[in-house]
Each structure stands twice: as C-alpha cells, then as structure tokens.
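What follows is one structure encoded as structure tokens, with my remarks underneath.
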Number of protein chains: 2
Amino acid sequence: MAYRETEKMRQRKAEARRRIVECTYECVAEGGFRSARITRIAGLAGVATGTIYRHFESREDLFAEIFRTATQKEVDKVAEALDTPGDATTRLENALRQFAERALRGPMMAWSLIAEPVDPKLEEERLVYRRAYAEHFERAIREGIAEGCIPDHDARQSSTCLVGAIAESLVGPLSPTLAGQNSLTETDKNRLVDSIVRFCVQGLTGSRR
Amino acid sequence: MAYRETEKMRQRKAEARRRIVECTYECVAEGGFRSARITRIAGLAGVATGTIYRHFESREDLFAEIFRTATQKEVDKVAEALDTPGDATTRLENALRQFAERALRGPMMAWSLIAEPVDPKLEEERLVYRRAYAEHFERAIREGIAEGCIPDHDARQSSTCLVGAIAESLVGPLSPTLAGQNSLTETDKNRLVDSIVRFCVQGLTGSRR
DNA sequence: ACAAAGAATGAATAATGATTCACTGCTTTT
DNA sequence: AAAAGCAGTGAATCATTATTCATTCTTTGT
C-alpha cells in the first residue's frame, strides 16, 4: 500500500467538489437547469468534464444536489419566519411575504426551483419540497386553529392551496419568456406580494384584515 | 395539369389527420407527452412516420395542437359552468368542483395538461391557458363584486391564486409516480374536492358557507 | 392507357450532449 | 528513488429519436 488518502487530498477533493457545486449553482441561476451544460460547468470550475463524474453519478444527480440545497435553504427560511413570536396569522403572512420577496429578488433561480420543466427525477424532488413547504404551513395553521385566530378546517388541504396560490402567482412574473421585456418595478412587486398575501390570509381566516 | 386536388382526396387527407390527432391523444392519455413516440403514433394511426410530417411541422407542433384542443375543451367547460344562472359564488364553486372532478376522472391527461414537464413551446401554451382559466374566473369574480357577494379587491390576483390552489391540490393526487399504489377512493376524491372548493370560496368571499 | 402531379413510405440520417475509459501524471509510502 | 495506487483528463463513444428525402404508389385529366 504505497498511496493512502491523506487529509490534504481529502481537502483538495472537497474543494474541487465545492467549486463544481458553486459553478453549477451559477449556471442554473443564470439560465436554469436545462441550459446548464456539463462542459460549461467543468470549464468554470477549472476541471475536466470527466472529473465531474468522479464527484457525481450523473448530471441529474449533480442537479438534484443543487436543487435540494437551494430549496432546503428556502424551506428553512419559511420555517424560521413561521417560528417567530406572535399570532399564527401574522407569522404566516410574514412567511409568505418573505418567500415571495426572495423569489422576486433571484427570479431565474426561483423559476428553476418552482416551475422550470425538469426531468422526472428533479420533478420528484420538487414534489417532495412542495410537501415540505406545505407541512410547515400546515403546522402554523394548526397553531392558528388552536389559538383561535383561524377557523377549524382541513389544515393540510389549506396548506397545499397556499403553496399553489403563491407558486402560481409567481410563475408568470418569474417566467423567463416574459421576464425580459416585462420586468416589474418595485411598486409592481409590492402590489403583487400584497395581493397574494391578502388572498391567502383570507382563504385561511375567512376575514379581511 | 394532370392531377388536381379533389374533394375525395381532401377528405381522405383530413381523415388521416384526424386519425393522427386521435391516436396522439390516446398515447398522451396513456403515458403523457414525454413518452408519446412518433413511431408509435404513426403505427396506431396506420400511416408511416413520414406521413405525420405531411400534416404537422414537427412533433412539438403536433403536441401543441393536442394540448390546445384538450385544454380549450376544459376552458370551455369552466366558462360554461360560470355562465349559468345563480349568484357568482355558487357559479365559481360549481366551476371549480366540476374542473377538479373531471381531472380526477382522466388523471393522466389532466396531469399532462397541468403538470407534466414539457418542452418550452408547450410550457408557453400552458401559461397561456392558465391565463385563460384565470380570466374566466376573474370575470366571475368581478360579477360577484358587482352583486355584492364578493368583497372588492384585486380580482385578477385572486383568480390567479384560484388557478394555483386548484392545480397544486391536484398535482399530488394526479402524479403518475404516486398514482399507481395510491389511487384515491371516491370518498377521498369527494373530500379532496370539497376542501379545495372551501378554501377557494373562503379566499374569495372571506366567509365560510 | 398514359403522363403529370401529389401523397405516402420508412430506412437512413442527423444532431445533441451526456458519459466513458485508456491514458497521464501526481501523492504517498518504503 | 521507485513502486503502487489513485485522481484527473478530454477526445471518442454512445444512445436516443425526431426528421429527412429518394423512391414508390395513387390519383387525376386527356
């Protein structure tokens, strides 16, 4: 046994992996998953195409990791916003608002995560994460029901509707086909976010605020 | 000029085109757009693959026609349900309920139209049609506002949320990955439809019914 | 019956880009 | 310094289907 993996090597490899992930993220944030080419990613990361396959099974696998990491970050932010003090309705409102605002701030990545047509493997990940969002909302809804600020009905179903309403409302504005000519002003964005939040809160509580 | 297109020929061609469309529809209803192969469609329709290209520019174009026809039918049904006598809220409720029920009756086609990952050209069609749904809802919402049974706010935004909420609520149950083992009973379906409708109506009117 | 025009055919092609793998060269141990 | 093992390389391969087009078959008008 002449060669054995040493700490230095482990770190060098980890560093290469990190660069690959970083550059993939960049490519996706720039043009979505579909247009992110392995050769381009390798070029940016300063490695050969083959090297990518020493770190990831396949392109799909690489993308799946990017997708998971990026989406998990969003899910965490939602969870965090739902985990502040205050009544459930307000917390839900804040979470929805922050989610929409972040999406509008990084539109291409948001579109890729929410609505870009992707291969079945990624689509499955997407379903999982939509459920993850819904589950956080669901918990907050149940808390709201317990607190009495939300009337008692199917929390799970309502949470799914929440996810759908916000996603659908964002798809149009985020869509790259339209986003070119039709970029929203700050005022537009605020109006959009307000309307989404109002519908959702009303859908939950049954009351205007 | 020895050969001139005659009525008989025109009809024969139209018939071939019709069969191609019909068989494409079948293939899509069976496994979605992605898995519908030109060779298979040609085989079913009893023509050579090349013949398909005498009737359609490309596979995408053929699919686009199927997509448009199928979706337009759904849009029309929604429009029809919204165009009955009665107050706006009831009409909206019926339209939503019927839409969801039809989707659950033909799950694969519904999934293809609503959520299957498709090429950008089809995705664009999908956006157009989602807008079409939303516009019908929007009109009904405005009528509701005029009638006084829906409080006055951004009808357009609400209609988008409606479309999103119902689509999202159906994606899970329709998804072919899950739909296999996890097929819903009639009771489940009814419960699902009821919950969707309740959330939506409440989101619109701000009141439980 | 014949020629002209189109329609239909389907085997061959083309295009695309992910993936492979035989080779090079670097690290480590003795 | 020499051997052993692993990491990196990137040109070549592969796989997949939509699409083409030279050819054959049908229809029509004279």
Side-chain angles (χ1 to χ4, degrees), chain A residues 1-21 23-24 27-28 30-67 116-122, chain B residues 1-21 23-24 27-28 30-67 116-122:
Chain A
M1 38 146 172
Y3 173 93
R4 206 97 74 82
E5 186 178 63
T6 184
E7 188 51 30
K8 177 185 160 195
M9 271 290 113
R10 234 191 308 282
Q11 288 195 353
R12 186 185 291 186
K13 280 202 279 180
E15 167 60 18
R17 192 183 203 281
R18 202 195 50 70
R19 273 209 317 284
I20 292 169
V21 167
C23 295
T24 306
C27 283
V28 174
E30 193 183 300
F33 287 104
R34 177 183 291 259
S35 78
R37 303 269 159 260
I38 289 289
T39 48
R40 171 106 202 287
I41 294 166
L44 285 176
V47 297
T49 56
T51 304
I52 294 197
Y53 291 86
R54 301 199 141 266
H55 293 278
F56 297 91
E57 256 325 275
S58 67
R59 182 177 118 117
E60 268 197 325
D61 270 36
L62 168 58
F63 284 179
E65 172 155 336
I66 302 304
F67 188 96
E116 184 184 0
V118 293
D119 287 359
K121 199 168 187 173
L122 274 196
Chain B
M1 37 147 172
Y3 173 93
R4 205 98 76 81
E5 187 179 63
T6 182
E7 188 50 31
K8 176 185 161 197
M9 269 292 112
R10 233 192 309 282
Q11 288 195 354
R12 185 184 293 185
K13 279 201 279 179
E15 167 61 16
R17 190 183 204 280
R18 202 195 51 68
R19 272 209 319 282
I20 292 170
V21 167
C23 295
T24 307
C27 282
V28 174
E30 191 183 302
F33 287 104
R34 178 183 290 259
S35 77
R37 304 271 159 258
I38 288 290
T39 48
R40 172 106 201 287
I41 293 166
L44 285 177
V47 298
T49 58
T51 304
I52 294 197
Y53 291 87
R54 305 200 134 263
H55 293 278
F56 298 91
E57 238 356 77
S58 67
R59 182 177 118 116
E60 267 197 325
D61 270 35
L62 169 58
F63 284 179
E65 172 155 336
I66 302 304
F67 188 95
E116 184 184 0
V118 292
D119 287 359
K121 198 168 188 173
L122 274 196

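These values consider heavy atoms only, across backbone and side chains, with no hydrogens, waters or symmetry-generated copies. These figures come from a predicted structure and were not determined experimentally. Lettering of chains follows the sequences in order, A, B, ..., and the numbering in each one begins at 1.
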Query raised in the report: Reckon B:Thr39 touches a base, only the sugar-phosphate, or nothing at all at heavy-atom distances under 4.0 Å?
Result: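 If one applies the 4.0 Å heavy-atom cut-off, B:Thr39 turns out to touch nothing in the nucleic acid.
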Query raised in the report: Near DNA chain D, under 4.0 Å by heavy atom, which residues of residues 41-51 of chain A?
Result: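 Those residues are A:Val47, A:Ala48, A:Thr49, A:Gly50, A:Thr51.
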Query raised in the report: Are the side chain of A:Thr51 and the backbone of A:Val47 linked by a donor-acceptor contact shorter than 3.5 Å?
Result: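 Judged by distance alone, no pair lies under 3.5 Å.
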Query raised in the report: Does B:Arg59 use its side chain to pair, donor to acceptor, with the backbone of B:Ala36 at less than 3.5 Å?
Result: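 At least one qualifying donor-acceptor pair exists.
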Query raised in the report: What is the distance from CD1 of A:Ile20 to C1' of D:dG8, rounded to the nearest Å?
Result: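 Whole-Å distance recorded here is 11 Å.
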For a quick test of reading the model: is some side-chain N or O of [X] closer than 4.0 Å to OP1 or OP2 of [N]?
| X | N | answer |
| --- | --- | --- |
| A:Arg59 | C:dA18 | yes |
| A:Arg37 | C:dA18 | yes |
| A:Lys8 | C:dT28 | yes |

Tabulate protein N/O versus nucleotide N/O from nucleotides 12-14 of chain C, keeping only pairs under 3.5 Å, one per line.
none

Requested in this report: When you get a sec, tell me which of D:dT27, C:dT19, C:dA7 is the closest nucleotide to the side chain of B:Arg12?
Outcome: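 That would be D:dT27.
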Query raised in the report: Which residue, B:Met9 or B:Glu57, contacts DNA chain D at a nucleotide closer to its 5' end, judged by nearest heavy atom?
Result: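 First, find each residue's nearest nucleotide; the 5'-ward one identifies B:Glu57.
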Requested in this report: Determine whether any donor atom in the side chain of A:Arg54 lies under 3.5 Å from an acceptor atom in the base of D:dG8, or the reverse, and answer yes or no.
Outcome: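 Looking at the base of D:dG8, it does pair with a donor or acceptor on the side chain of A:Arg54 (distance under 3.5 Å).
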Query raised in the report: Of all residues at least two apart in sequence or in a different chain, which pass the ring-ring contact (aromatic ring centres under 6.0 Å, His included) check with B:Phe63?
Result: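 Partners of B:Phe63 by the ring-ring contact (aromatic ring centres under 6.0 Å, His included) criterion, ordered by chain and then number, come out as B:Phe33.
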Report task. Could you tell me whether A:Glu15 atom CD has more than 12 heavy atoms of other residues or ligands within 6.0 Å of it? Result ->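 Check passes, neighbour count above 12.
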